[in-house]
Engineer: 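My questions will all concern the structure given below.
Numbers here simply count residues along the sequence, with the first being 1.
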Amino acid sequence: MKQIIGLDIGTNSVKAIIIGNGNIIDQKSVGYNPDYPSSGCVEQSPDVWWNAVKEAIKALTEANPGDVVAISASGQMHSSVFLDRDGNVIRKAILWNDTRTSQQVAEINQVVGGEAKLLNMVYNRALEGFTLPKILWLRTNEPDNFAQVAKVVMPKDYVNFKLTGRIATDVSDAAGTMLFDVAKGQWSSGLIEKVGINADILPEVLESIDIVGNVLPELAAELGLSENTLVIAGGADNSCAAIGNGAIEAGQTIISIGTSGTVVTMLDKVPAHITGDVHMFNYSYPNSYYAMGCMLCAGESLNWLRDIVAIKDFEAFNVLAERSKPGAGGVVFLPYLFGERCPWPNPAARGVFFGLSNTTSKEDMVRAVMEGVAFNLRAMYDLIEPFTKIKEIYITGGGAKSHIWGQIIADVLGRQMQVLNIEEGPAFGAALIAGVGAKVFSNFAEAKAQFLKTNRIIEPTARDIYAKQFKVFKKLYEVNQCLFAE
């Protein structure tokens, strides 16, 4: 039986799955922790990922002997690995959630002549998390290290390099560097010239389904693989997750609730008018794109409340939410415990409970948190909807596992949503990409048909109530916006 391995190089773990014959055969997760050298700084040694990848692959191949024909990886976006001319790591990688680069973000906007001109070049606003500000930070603050830089790659690209000896990235990860012309599918020469970096430090760019190379002979035996095992380029984690959740036609949309929350919609062209309110990236499906809104505190809002009220069981939370009616007794929650990224980029924003009274119950407060996250997802959805006709909506993560939360989200959006049979996220999407790249599947439609089925359909039942409450939610942020910084 032909087998395929998909990897996800995450912030806190590497997850590996092995698939074949229309099934997920096995999976393995290897955990680790980021380093926090100072406030706002988050780093990680690329060797941590590589050792975890080797451990995970060996565990899968030892437990499931067979013919692994291809491997592909997804990885945390934006995180920056600096390599010297011999391919050695110069310093720890600076991760996506590192916020030390505010000065560099301001510098980028200044040298290009403002945000509007930047959007014309790379279709995204400058944010601290992106790769380019990290490169400029290194140039300013660690000039000796910067002088050694021969290539800058992302985490999954480093793993592919260790597997094959070839340095390359794919379009979806390149788009997250803030140095990529999304519409043209190439590095932005205009921005590279403006910020004054050498274009040679940027890797070659492949499509996600392109072959990077074969597993190096000396590694194949160690990992339990054949020397003929192909390594496929793979993609950024959100792109791979959307592929793994079935978004393979323009307009298909994924709503995901993990720690953060995302709305991702596949597009067949870059919209003519870009506002920068949502991210616009190249997709892992060939010659396509995706619009993405990402809120910082979705599932984590519920974690926060759970810890405060000392309820460990999420199912108990679901029961509490079901006891409250739509509208949560008039209580509205702004889920901005970490500040916010989308729909309004505001690091000063904070969480708010509004409308509390002496009749407010814990049931109302639990439901209000679920509704607040749903309202923010709706606000991001509304930013994306003008770009394309939204077709099927697939929901995954906490919103799919909780029947009440999924129902709330469907009601707030006023749209039917589908829950699929597989919720393995980026690693599963990477495995499907590997299968298409290695010709195990003729295309993504065949791969989807083999693995993905609709388990449950959620129909909206309380649109009118939530349409009114959503207006209050938006106005609540607008009224408090000037107070957050104070």
Side-chain angles (χ1 to χ4, degrees), residues 77 123-125 127 129 172 175-176 236-268 270-271 274-285 288-301 334-336 338 340-345 370-402 405-420 423 425-426 429 458 460 466 470 473-474 477:
M77 295 181 74
Y123 299 87
N124 289 281
R125 287 174 174 158
L127 295 173
S172 65
D237 51 5
N238 287 302
S239 180
C240 289
I243 290 283
N245 281 285
I248 61 169
E249 296 178 16
Q252 290 181 328
T253 297
I254 310 298
I255 291 178
S256 175
I257 295 182
T259 299
S260 61
T262 59
V263 180
V264 174
T265 298
M266 181 177 169
L267 307 174
D268 56 9
V270 177
I274 299 293
T275 63
D277 292 324
V278 295
H279 300 313
M280 192 65 56
F281 294 139
N282 301 78
Y283 195 35
S284 290
Y285 191 100
S288 60
Y289 313 88
Y290 68 101
M292 181 179 79
C294 179
M295 62 180 292
L296 297 180
C297 196
E300 189 59 27
S301 291
L334 296 186
Y336 306 136
F338 300 153
E340 192 49 288
R341 183 171 175 177
C342 188
W344 15 75
M370 291 184 173
E371 290 178 350
V373 171
F375 289 140
N376 209 72
L377 292 170
R378 165 69 187 274
M380 296 193 296
Y381 174 92
D382 286 352
L383 292 174
I384 293 172
E385 192 174 29
F387 296 149
T388 188
K389 179 178 173 56
I390 303 291
K391 296 180 180 177
E392 297 90 353
I393 301 176
Y394 303 103
I395 184 168
T396 185
K401 293 173 184 174
S402 164
W405 208 353
Q407 185 63 56
I408 288 170
I409 295 168
D411 289 343
V412 169
L413 264 64
R415 290 291 303 263
Q416 179 193 90
M417 299 191 303
Q418 298 182 41
V419 179
L420 298 175
E423 286 194 43
I458 308 173
Y466 284 125
F470 180 53
F473 174 86
K474 290 192 295 182
Y477 172 79

Engineer: Evaluate the side-chain contact (heavy atoms from CB on, under 4.5 Å) criterion for residues E371 and F473: first the C-alpha distance (whole Å), next the side-chain angles of each, then the deciding distance (0.1 Å), finally the verdict.
Structural biologist: CA-CA 10 Å; E371 290 178 350; F473 174 86; over 6 Å; no
Engineer: Are the side chains of N376 and P343 in touch, meaning some heavy atoms are under 4.5 Å apart?
Structural biologist: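 SC-SC contact between N376 and P343 confirmed.
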Engineer: Could you list the residues that satisfy side chain to side chain donor-acceptor pair (under 3.5 Å) with T265, not counting sequence neighbours?
Structural biologist: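 If we apply the side chain to side chain donor-acceptor pair (under 3.5 Å) test to T265, skipping adjacent residues, the hits are T253.
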Engineer: Restricting to salt bridge (charged side-chain N to carboxylate O under 4.0 Å, His left out), what partner residues turn up for R341, sequence neighbours left out?
Structural biologist: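 Salt bridge (charged side-chain N to carboxylate O under 4.0 Å, His left out) check on R341 returns nothing, list empty.
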Engineer: For residues A298 and I257, report the shortest heavy-atom separation together with the two atoms involved.
Structural biologist: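 Minimum heavy-atom contact is CB-CG2, 4.0 Å.
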Engineer: For a quick test of reading the model, state the closest non-hydrogen atom pair linking R125 to P345 and the distance between them.
Structural biologist: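 Nearest pair, atom of R125 first, then P345: NH1-CG, 3.3 Å.
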Engineer: Closest heavy-atom contact between V264 and A242?
Structural biologist: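 Distance-wise, the nearest heavy atoms are CG1-CB, 4.0 Å.
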Engineer: Short question: side chain of E423, backbone of G397 - any donor-acceptor pair under 3.5 Å?
Structural biologist: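 Yes: the side chain of E423 pairs with the backbone of G397.
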Engineer: So, taking the atom named CD1 in I409 and the one named CD1 in I395, what distance separates them when rounded to the nearest 0.5 Å?
Structural biologist: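 CD1 of I395 is found 4.0 Å from CD1 of I409.
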Engineer: Check whether any side-chain heavy atom of L334 sits under 4.5 Å from a side-chain heavy atom of E340, and report yes or no.
Structural biologist: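 Answer no - side chains too far apart.
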Engineer: Among I243, D268, I248, L267, whose side-chain contact (heavy atoms from CB on, under 4.5 Å) with Y283 holds?
Structural biologist: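 Result: among I243, D268, I248, L267, I243 is the only option passing the side-chain contact (heavy atoms from CB on, under 4.5 Å) with Y283.
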Engineer: Considering all heavy atoms of both residues, which atom of I408 and which atom of A374 are nearest to each other, and what is their separation?
Structural biologist: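 The answer is CG2-CB, 3.9 Å.
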Engineer: Looking at CG of L127 and SG of C294, how far apart are the two atoms once the value is rounded to the nearest 0.5 Å?
Structural biologist: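 L127 atom CG to C294 atom SG measures 10.5 Å (nearest 0.5 Å).
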Engineer: Using the ring-ring contact (aromatic ring centres under 6.0 Å, His included) criterion, which residues pair with F281? Sequence neighbours excluded.
Structural biologist: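 F281: ring-ring contact (aromatic ring centres under 6.0 Å, His included) contacts with H279, Y290.
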Engineer: Which heavy atom of A400 sits nearest a heavy atom of V419, and at what distance?
Structural biologist: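 Closest heavy-atom pair between A400 and V419: CB-CG1, 4.0 Å.
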Engineer: How long is the gap from OG1 on T262 to CD1 on I255, to the nearest 0.5 Å?
Structural biologist: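 Answer rounded to 0.5 Å: 8.5 Å.
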Engineer: So which atom in S172 and which in M77 form the shortest heavy-atom distance, rounded to 0.1 Å?
Structural biologist: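 Of all heavy-atom pairs spanning S172 and M77, the closest is O-CE, 3.9 Å.
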Engineer: Under the side-chain contact (heavy atoms from CB on, under 4.5 Å) criterion, do Y477 and F375 qualify, and how do the steps go?
Structural biologist: CA-CA 11 Å; Y477 172 79; F375 289 140; over 6 Å; no
Engineer: Considering residues at least two apart in sequence or located in another chain, which fulfil the ring-ring contact (aromatic ring centres under 6.0 Å, His included) criterion with Y285?
Structural biologist: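 Listed in chain order: F444.
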Engineer: CD1 of I254 to CD of Q418: how many Å apart, nearest 0.5 Å?
Structural biologist: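 So the CD1 of I254 and the CD of Q418 are separated by 9.5 Å.
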Engineer: Could you walk me through whether V263 and V278 pass the side-chain contact (heavy atoms from CB on, under 4.5 Å) test, one step at a time?
Structural biologist: CA-CA 10 Å; V263 180; V278 295; over 6 Å; no
Engineer: Using salt bridge (charged side-chain N to carboxylate O under 4.0 Å, His left out) as the criterion, list what pairs up with K391, not counting sequence neighbours.
Structural biologist: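 Testing K391 for salt bridge (charged side-chain N to carboxylate O under 4.0 Å, His left out), a comparison that skips the adjacent residues, returns E249.
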Engineer: Using residues 377-387 as the side-chain source, report each donor-acceptor pair under 3.5 Å to any protein atom, sequence neighbours left out, with the distance given to one decimal.
Structural biologist:
{"unit_1": "R378", "atom_1": "NE", "unit_2": "D382", "atom_2": "OD1", "d": "2.9"}
{"unit_1": "R378", "atom_1": "NE", "unit_2": "D382", "atom_2": "OD2", "d": "3.1"}
{"unit_1": "R378", "atom_1": "NH1", "unit_2": "V412", "atom_2": "O", "d": "2.9"}
{"unit_1": "Y381", "atom_1": "OH", "unit_2": "R415", "atom_2": "NH1", "d": "2.9"}

Engineer: Hey, does the side chain of S301 reach the backbone of C297 with a donor-acceptor pair shorter than 3.5 angstrom?
Structural biologist: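 Between the backbone of C297 and the side chain of S301 there is a qualifying donor-acceptor contact (under 3.5 Å).
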Engineer: If you round to the nearest 0.5 Å, how far is CG of D411 from CE of M417?
Structural biologist: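 Nearest 0.5 Å value for the CE-CG distance: 8.5 Å.
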Engineer: Can you tell me if S239 uses its side chain to pair, donor with acceptor, with the backbone of S284 under 3.5 Å?
Structural biologist: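 At least one qualifying donor-acceptor pair exists.
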